[in-house]
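One structure is given below, encoded as structure tokens.
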Amino acid sequence: MIDRHRLGDIEITRIVELEEPFLAPDKMFAEATPEAIAPHLDWLLPQAMCPDSGRLILPIQTYVVRTPHHVALVDTCIGNHKRMAGFKRWAGRDDDTWLKNLAAAGVQPEDVDFVFCTHLHLDHCGWNTQLKDGRWVPTFPKAKYLFAHEEYAYAERRAREENDPVFGDNVLPVMEAGLGQLVAPDFVINDHLSFESTPGHTPGHISVHLESAAHHAVVTGDLIHSPLQCAHPEWNFLYDEIPDLARRTRRAFLERHADAHTLVLASHFPSPSVGHFMRQGDAFRYRYVTP
Ligand SMILES: [Zn+2]
């Protein structure tokens, strides 16, 4: 699936690798009991919650950003042939739909100038590399891959201490090919693109800002996973690694961007994913924008 949005002189294309029922609400968020989600069922069903399984629907997707000068990818989904202990359905995929959709959006791998990963979980860095003749090689041979240094250190530590394969499969081969660069979490790439430190889900998590004239958009990454967290910013996702910080970061982000014309490019909100945060009482709601 592909859809497009325009932001001044920037074109944003959303490329979905997969979108399917993921986990039951109370498996994603401990507080999301049937009683707690009952008031939200009217908007959750069927777009955000599968009526058959009762699981919340979660896309894995990339935002392709075309400025007048560059092509950048924000997050690179799961990829093929990857190792993954937690979610078995993400491991060992063999499906070129994502690459085909990228081509259909007019982007060949050699056209990509920048790759950004909001953080280094597999569903955000998997297509960084591909398996060629038994070796992981960068998928985007001319790109500069920018990693926030704290996130890089965290992924490297998980590889060392927990035998986690994400760093070795998706990050280290990029560095060894000379295409990687470690940057500050508030790094400014150019007039159109910059990072913001949004830690909590992981220690070095960033969000990516897009600016064109008076227009502003932001890719959330995993500081928020579901529109349910607009109504309940205090609900942490099961895998938010620094829980108190994740809550603080999410609340502050919602406060900053609600009713503020910021176009929100949500990483895991169900399609069409893009929208605006709106204030509602002392919390928020999400208003989708049709592409
Ligand atoms: Zn994710």
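Counting convention: from 1, in listed order, for ligands and their atoms alike. One-based numbering along the sequence shown.
- Aromatic pair His215/His261: ring centres not closer than 6.0 Å.
- Put simply, the side chain of Thr202 does not reach to within 4.5 Å of the side chain of Leu120, judged on heavy atoms.
- Closer than 2.8 Å to the Zn ion (ligand 1) sit the protein N, O or S atoms Asp123 OD2, His124 NE2, Asp222 OD2, His268 NE2.
- In summary, the aromatic rings of Phe22 and Phe87 are positioned with their centroids under 6.0 Å apart.
- Contact annotation: the side chain of Met28 never approaches that of Leu238 to less than 4.5 Å [non-hydrogen atoms, C-beta and beyond].
- Cation-pi geometry between Lys82 and Trp127 is not satisfied (NZ or CZ under 6.0 Å from the ring centre, within 45° of the ring normal).
- What you find for Pro46 and Ile57 is that their closest heavy atoms are O-CD1, 3.6 Å.
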